[in-house]
Amino acid sequence: GQDTVVSELKKPLVPASLNLSDYFKQFLFPQNECELHDFRLSFSQLKWDNWIVAPGRYNPRYCKGDCPRAAGHRYGSVAHTMVQNIIHETLDPSVPRSSCVPARYSPLSVLTVEPDGSIAYKEYEDMIATKCTCR
Amino acid sequence: SQASRGEAQIAAGAELESEAEPWSLLQPVDGRDRSGFLPPLFKVLSDGPGGAPRLQPDSRALHYMKKLYKAYATKDGIPKSNRSHLYNTVRLFTPCAQHKQAPGDQVAGILPPVDLLFDLDRVTAVERLLKSVLLYTVNHSVSLPSAVKCACNLVIKEPAPSGQSLPGAPHSFTLNSQFEFGKKHRWIEVDVTTLLQPLVGSNKKIHMSVNFTCTREQPRRPSARDGPSDVTLLVSPSLILYLNDTSARAHHSRLSLHDARRPSPGPDQRSNVSAYPVGEEAAEDGRSSRHRR
C-alpha cells in the first residue's frame with residue numbers, strides 16, 4: 001500500500017479554501033458561537049420615515065449563537081451561568097441553557113418631526129447592541 | 001373601553017409574534033397609555049401609522065436641523081464623542097402665530113417689527129433648558145449694498161393668567177448687541193436664554209415681539225439702489241431650545257455626567273447675537289471644546 005500512503009501524504013492537510021486560523025477555530029470554539037450580528041434597516045422599511053428624518057439607516061445589531069458549557073471570562077459571564085448549564089445538563093433539562101444576550105449598548109441620535117410640526121434632535125440610550133454575553 | 005382593549009390586547013397575545021406590526025409589540029400589556037412607560041421615540045410608534053396627522057415642518061428649519069444633526073452625529077446615528085456641549089435634546093419651534101406691526105424706522109428690507117407666539121407643548125418636564133436662540137434665516141434673494149449693523153429689541157409678554165385671553169403685562173428685554181451681516185451669512189442666532197430661562201418649563205406658550213433697528217456700515221450713495229423694501233432680508237425666526245433630557249432613556253455623555261456633579265454652567269455668556277455662515281456653528285463648537293480642555 002505504499003502508493004496509497006504516498007498519495008494520501010500528497011493530499012493537502014487543509015482544504016485550500018479554509019485558512020489555518022479558521023481550520024483551528026473549528027476545534028477551539030463551537031461553530032455558531034454566541035456573537036454580535038448586524039441587521040441594517042432603514043426607517044422607510046418600517047414606514048416611519050414620515051417622521052424620522054435621520055439617520056437614514058439604523059443597525060441595532062443583535063446577539064445570536066450557542067453559549068459554550070463553560071462560558072467563562074470570554075463572555076464576561078458570571079458563575080450563575082455555568083450553574084444553570086450544569087442544572088440543564090445533569091438535573092433538569094426543562095431548565096434552559098444560558099442564553100446569548102446583549103451585554104452593552106450604545107446610544108442613537110434621532111432627528112424627528114413632531115406631530116405639531118416642530119423638529120426634535122434627541123439622543124436615546126441603549127439603542128445599538130455593542131457586546132454579547134451568556135446569561 | 002380601556003379594560004376591553006386590554007383584554008383584546010391579551011387575547012391577541014397568543015399569536016402576537018406572527019402578524020402584529022412592530023409598534024403594537026411595544027404597547028403596554030394592560031393597554032393603559034402611561035406616557036412615562038414608553039420612550040417618546042416608541043410612544044409615537046405605539047400610535048401606529050394612523051396616528052395624528054403630522055404638520056409639515058418649515059423647509060428652512062428642517063435644513064438647519066439636518067446640518068445640526070450632521071454636526072452632532074455620524075451617518076449611522078452614533079452621537080459624536082468630540083462634542084463639547086451638554087445638551088442631548090434640541091427642539092426647533094416655528095411660530096404658531098405672528099402679526100406684523102406697523103413698520104418702524106428701520107433700514108428698508110430688514111424685518112418689520114413682529115409679534116410671535118410659540119407653542120412649547122412638546123417640551124417635557126424632564127427636559128432642562130440650557131440655551132435658547134431665535135434663529136433668523138438671511139434672505140439672499142436681496143442683494144446687500146453693504147454690511148448692515150443691527151440691534152434687536154425683544155419684548156416678552158407674560159403669559160396671560162388663566163382665564164384671560166390677552167397676554168399679561170409685557171416686560172421688555174433689549175439686546176443691545178450689535179451685529180452685522182453680509183453676503184456670506186446664512187443664519188443669525190439671537191441668544192434669548194436669560195430671558196426664556198424662567199419661562200420654559202412653566203409656560204407652554206411664549207409670546208414675544210421683536211424689533212430690529214439697523215444702520216448701514218457705509219452712508220448710502222445717492223445712486224445706490226435699495227433692496228426692494230417689501231422683501232425682508234431676515235425671514236421670520238424659529239425658536240431653538242437646547243435641552244438636557246434628564247430621564248434614564250436619554251443618552252448622557254460623560255461630559256454631562258461629569259458636570260452633573262458640578263453646578264450646571266449657566267447659559268453661554270457669549271454675546272447675545274451671533275451671525276453664522278453655513279457650517280460655522282459646528283466649527284465654533286470644536287474650537288470651544290479644545291479651549292475648554
Side-chain angles (χ1 to χ4, degrees), chain A residues 35-65 94 96-97 99-133 135, chain B residues 21-23 39-42 44-45 47-49 51-58 61-62 64-66 68-80 83 87-94 96 118-123 127 238-243 245 247-253 256:
Chain A
E35 58 187 357
L36 209 52
H37 296 262
D38 286 326
F39 187 86
R40 287 182 176 77
L41 64 89
S42 68
F43 289 114
S44 53
Q45 287 170 277
L46 295 168
K47 299 183 182 58
W48 296 349
D49 52 330
N50 63 328
W51 62 282
I52 296 185
V53 176
R57 56 176 185 246
Y58 169 37
N59 178 8
R61 309 180 87 178
Y62 65 96
C63 295
K64 179 183 172 188
S94 71
R97 290 180 67 109
S99 310
C100 176
V101 294
R104 203 174 299 153
Y105 299 90
S106 72
L108 180 76
S109 295
V110 186
L111 189 64
T112 58
V113 175
E114 308 279 81
D116 65 350
S118 65
I119 305 169
Y121 165 87
K122 282 197 83 75
E123 294 172 356
Y124 287 101
E125 203 66 279
D126 305 336
M127 291 288 284
I128 299 172
T130 55
K131 187 176 183 305
C132 297
T133 183
R135 285 282 190 267
Chain B
E21 298 295 348
W23 49 86
L41 178 63
F42 292 127
V44 177
L45 297 185
D47 295 341
R54 207 165 293 273
L55 298 178
Q56 282 311 306
D58 175 89
L62 195 54
Y64 181 85
M65 289 299 274
K66 283 180 179 175
L68 179 137
Y69 185 87
K70 284 179 190 156
Y72 291 167
T74 65
K75 273 189 180 164
D76 292 325
I78 313 289
K80 291 180 182 175
R83 68 233 177 118
Y87 26 86
N88 54 21
T89 300
V90 182
R91 291 185 181 277
L92 182 144
F93 298 93
T94 43
C96 52
F118 291 98
D119 179 356
L120 307 187
D121 193 41
R122 302 299 298 182
V123 181
E127 292 174 349
S238 301
L239 178 64
I240 300 186
L241 304 183
Y242 294 86
L243 305 147
D245 183 333
S247 67
R249 297 178 298 267
H251 171 54
H252 302 283
S253 66
S256 56

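Quick note: numbers below take in every heavy atom, side chains included, and nothing from hydrogens, waters or symmetry partners. The chains referred to below are lettered A, B, ... by the order of the sequence lines, with proteins before strands, and numbering in each begins at 1. Here the structure is a predicted model, which is why all the values come from computation and not from measurement.
Nearest heavy-atom pair, A:Ser106 versus B:Ile78, reported as atom, atom and distance to 0.1 Å: OG-CD1, 4.3 Å.
A:Asp116 CG to B:Asp121 CG: the interatomic distance, rounded to the nearest 0.5 Å, is 7.5 Å. Atom CG of B:Asp76 sits about 7.5 Å away from atom CZ of A:Arg40, to the nearest 0.5 Å. Here the OH-OG1 distance, from A:Tyr124 to B:Thr89, works out to 7.5 Å after rounding to the nearest 0.5 Å.
Proximity of B:Leu62 to A:Ile119: side-chain heavy atoms (C-beta onward) are separated by under 4.5 Å at one or more points. Annotation: side chain of B:Arg249 is not in contact with side chain of A:Lys122 (no heavy-atom distance under 4.5 Å). Residues B:Pro57 and A:Glu114 are not in side-chain contact: their nearest non-hydrogen atoms beyond the backbone lie 4.5 Å or more apart.
Neither the backbone nor the side chain of B:Lys70 comes within less than 4.5 Å of any heavy atom of chain A.
Contact count versus chain B (heavy atoms, under 4.5 Å) is highest, among A:Ala54, A:Ala120, A:Ser109, A:Ser118, for A:Ser109.
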